[in-house]
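Data first, discussion second: the structure below is written as C-alpha cells.
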Amino acid sequence: MAELIRRCSNFFLYDGSKVTGEGDPTREGICYFYPEETPIDKQELLCGQLAGVGRCVSELSSSPVRILRLRRNKYAIHMKDDFFWALGCSVEVPTVSVCELLDQLIKLFCFYNGSIRQSYQLNSRETLAARWARYLSHLQSGSSELHHIFSCLRTIDSTNVDPLLLLKAALILQACQRCPLVLAGCILFRGRVVSTQMSPELTMKVMVHESETYTKAQKPNGLSSTSSSSAAVCSTTVFLTMSELQYLQSPPVDKDLRSHSTPHKDGPLKKTRLSRTLSDMASTESDSSDPGPSQSPQKMSFSPCLSESDNSLFSPAPSQSAADPLHPPPQSPEPPFSNGKHSHEAEEEALEQSYYQSFHSNGDGDSQIHNKGDDSVFEGNSHFNGGGREGDTACGTVFDFRGGESGNEESHDDKELVGDSGRAQGQTAEVGDPPPCYGAFDNPEESPLIPMTLYLHRVKGLVLALLVEPHFLSDTASMEEVYHSSLASLNGLEAHLRTISPGAPGAQGPYIFAHFDCIQSTLTTNLSGRPGGAPEHPFVRATSLLHLHFCNTETLQEAIIRSAGAAVYGTRSVAQETYFQQHGGSLRNSGIPNHQDSAFSLPSKARHRLLKHGVNLL
Amino acid sequence: MTTKTSLLKVILLGDGGVGKSSIMNRYVTNKFDAHLFHTIGVEFLNKDLEVDGHQVTLQIWDTAGQERFRSLRTPFYRGSDCCLLTFSVDDNQSFLNLGNWKKEFIYYADVKEPEKFPFVVLGNKLDVTERQVSAEEAQQWCQENGDYPYYETSAKDATNVAIAFEEAVRRVLAMDERTDHLIPTDTVKLHRKPRSATTCCS
C-alpha cells in the first residue's frame, strides 16, 4: 500500500570531508543511503556522480544547485559545508514537491538532532541512519497523494467534529501557556492535528515524535487501567531555529506581523511564499530585501531570545553533553561575535544584554534549585536528565557560533556568509532571502539551533505536545501545574473524539474538489483521503500539475487543465488553492476554443458547489 | 473482594457555574482555581481511594452545565454508578433545576430502576455568605425525591468534599451488595470500545 505512494526513489547524505585524498573511497563519505539495501558500488556511483556534478555546477554558477536530472529521476540537492544531500524522485513529481521533501527531511533531522556536523560527531552512523530512515518514512507514509502534493498538515476531519471540541482543545493549549515556561503547543489525535499554536512547519516536526511514541505505546499496552497517568508523559530535546523561536516567543499580537517575514527565509520557488497574503503585501510595500527599519520594532522584542540562544548554544546537544569526549565544555570562551556578525547587531545585543539578565535570572535560579529536587512525580522518564543540565550550562557563558565545533568549521561559516551576501544581491533566488532579523544567518541549517524541550502528555490516542524551555523539566512545580491543569480536559477531549464516528466516506458527489489553505497548511477534499488512494487518479495528477504551475508562475490565478474526457479547474489566491472537477455531463469540445465548451462553466460551478464545504471562491 | 479494585463512574451534574469542576479539582488535586473557564463537554479524573476496606478507583466525570453543551455531555451519562446532583446555595434557580437534571440523567443514562439509583445531592459554595437556599429546603427536596443524602460543600474551602465522594462510593457499594452484581463488568466494557476503535482506524 505504502509502496504506491512512495515518492522517494533515492536519498543520500554524503560527507565530502571524509573523501579528500585521491585514494579515499567514496563509501567513506556516504553517511546514509536509501534504499539501504542498494549495493555499495551502486551507492558510490550515484553519490560520486551527483556530488561531483553538484559541486561543479554550483562552482561554475556560484549559486547553489537545487535540482539535478538524471535519466528518469530528478534529484533535489542541498549542500552545506561538506555535506551533500540528494533526494531522488521520478520526473513526474513536481520539482517543488521534491525540493520541499528534501528541505523537510533535513529540517526534521536538525529539529531532533541539532546540527548535522555535531550529530555525526556525537552519534554513530548506524544510529543516525535509523533516524534518517524513520524521518523519511514518516514524511512519505500514511497520507494521501494530495497531502504529499501540498506537503500539508494532516488534520482531523473537522466536518465530523463539533466545533466546540476544537475550542476545547484550543483552551487546553491556552491554559498550559499560563505557565511561562511553555512556549506553544499542539494537540494531536491519532496522528492528526486537532489544534495547534505553532506554525504548520513546526507542528509537522512535532508530529514525528508523537507518531513514534504512539507506536511504542501501542505495543506493550495491554489492558492498562483507564488511569494512565504514569508513563503518559515523556519529553525529548529538540532544536529550534532562531526564527522559529522568535516566532514562538513573540507576543501573540506580533505574530501576524511576523508572518510577513517568515516566508522570506525560504526561496520564492516554494509555495509557502505565495501562500501568505500578508507577506506578499508586505514585500511589495516595504522593500523586502531590507530587513532594517520595517522590522525594528519587532527586533526589540526578540532581542532577549537572541541572548538566550547565545547562552544555551554553548552546550552541545544537551542530552549528550555529559558523556561527550569530543567536546569538552569550552574552557576559555572566545570573544563574542567572533563569527563575523555585523557589528551593529553586536551593539544592539550588548544593549539588550542587561534586559536579558533581569529577564532570565529568575528562570536560571529556579532551575538550579529544582535540579536538586527529584522529579519523582513523573518517574520512569529517562529523558528528563538532559533538561536539568541544560539549565546549568545555560548560565552566562559567551556566544560561540556553534558550540563545540572547531575553528575549521568557522571558516566554513564565513564562506557561507560570503555566498549569502552574494545571493542577497539577487543572483539567484533559489534558496533563500535573508531572514527577518539577523542578516548573518541564512538558512535554518546555518543559523544556530537552540535546544528546547518537547514535552508530550499522552492520553490514549490523544497527545498534548508542548514546546517548553529546557528547565521546565526540572521545575517540578511548573510541570505539576501543567499536568494537573490539563489532565481532566485531555481525558474528556479524548473521550469525545473517540466516540466520534469516523464518518461514512459519503457518496462522492458529482464533483471532486481539493482546497488547500496555504496559511494553515491544511487540505479539505472530498476525495477519499486514505493512504494509497489511487495516486494515478486523473484529478490528483491534474492537481499536481496545476499546483506546480501556480508555484512557478506567481501571477497565475486560474487555470483549466483538460484531457479528452475530463477537465480540472484550479484557482488560487495568496491564501488558498482550490481544484475542482465536475463529473458526468459530456464535455463538449471539438479541440478548438469554443465558447460553449462546458469546461468554461467550471469556475462558476466550483464557486457554487464549494460554498457548502466552506470554500468561498467569490 | 477486598483486594479487587473496582472502577466506579461518578458523574457531576448541575447548572453552569455551581462549581462542579471546582469540586472535582478540589477532591482529586486538592487545588482551587477561581478562574476556571466553562467546561466544554465532559472531563474526568480518576482517584484511588479505600472505603470500608474496598479498594476503589473513582472516575469522576465533570460535565458542562450550560444548555448549549447538552448534546456534548449527554452521551457520557451512560454507565454511571452514581450521580452527584449539584447546585449552588447562593443560586436558587440552580436548586430549582435539580429535578430537571435528575430527569435528564435518568433519560440519557437509561437507568433501569430510577427509584433505586444512587443520587447524592451537593449544595456547593457554602463559603458564600448570601445564601438563597436554606439547608432545610434542600434536605426536604432530597427526602421527597428518594431520600438522597445531602451535603453542603465548599470547593473553595475544601469543606465536605471528600466526605461527599466517600458517601457516593458507599451508596454504590451498598447497591452492589444488594443486587450482588459485580462491578468489573463495566470496566471491561470501557476497555473494549477504544481498543476495537483503534484497530479499525489504524
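Chain identifiers are assigned alphabetically (A, B, ...) following the order of the sequence lines, protein sequences preceding nucleic acid strands; residue numbering begins at 1 within each chain.
Atom NZ of B:K31 sits in a crowded spot, with more than 12 heavy atoms from other residues, nucleotides or ligands closer than 6.0 Å. Applying the 6.0 Å contact sphere to NZ of B:K156 captures no more than 12 heavy atoms from other residues, nucleotides or ligands. Residue B:E67 qualifies as enclosed at atom CD: its count of foreign heavy atoms under 6.0 Å is above 12.
Both the backbone and the side chain of A:L164 come within less than 4.5 Å of a heavy atom in chain B. With a 4.5 angstrom heavy-atom cutoff, A:T499 touches chain B only via side-chain atoms. Heavy atoms of B:D33 lying under 4.5 Å from chain A belong exclusively to its side chain. Proximity to chain B (any heavy atom under 4.5 Å) is shown, for A:L490, by neither the backbone nor the side chain.
The distance from atom CG of A:L165 to atom CD1 of B:I40, rounded to the nearest 0.5 Å, is 8.0 Å. With rounding to the nearest 0.5 Å, the separation of NZ in A:K168 from CZ in B:F37 is 10.5 Å.
Between the side chain of A:H484 and the backbone N or O of B:T29 there is no donor-acceptor pair closer than 3.5 Å. Although no hydrogens or angles enter the test, the distance criterion places no donor-acceptor pair under 3.5 Å between the side chain of A:N491 and the main chain of B:E43.
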side-chain contact (heavy atoms from CB on, under 4.5 Å) for A:L487 and B:V28? Distances and angles first, verdict last. CA-CA 11 Å; A:L487 181 60; B:V28 180; over 6 Å; no
Residues 157-167 of chain B side chain polar contacts: donor-acceptor under 3.5 Å, at least two apart:
| from | atom 1 | to | atom 2 | distance (Å) |
| --- | --- | --- | --- | --- |
| B:N160 | ND2 | B:E152 | O | 2.7 |
| B:E167 | OE1 | B:Y151 | OH | 3.4 |
| B:E167 | OE2 | B:R171 | NE | 3.0 |

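Minimum heavy-atom separation, A:H496 to B:G41: NE2-CA, 3.3 Å.
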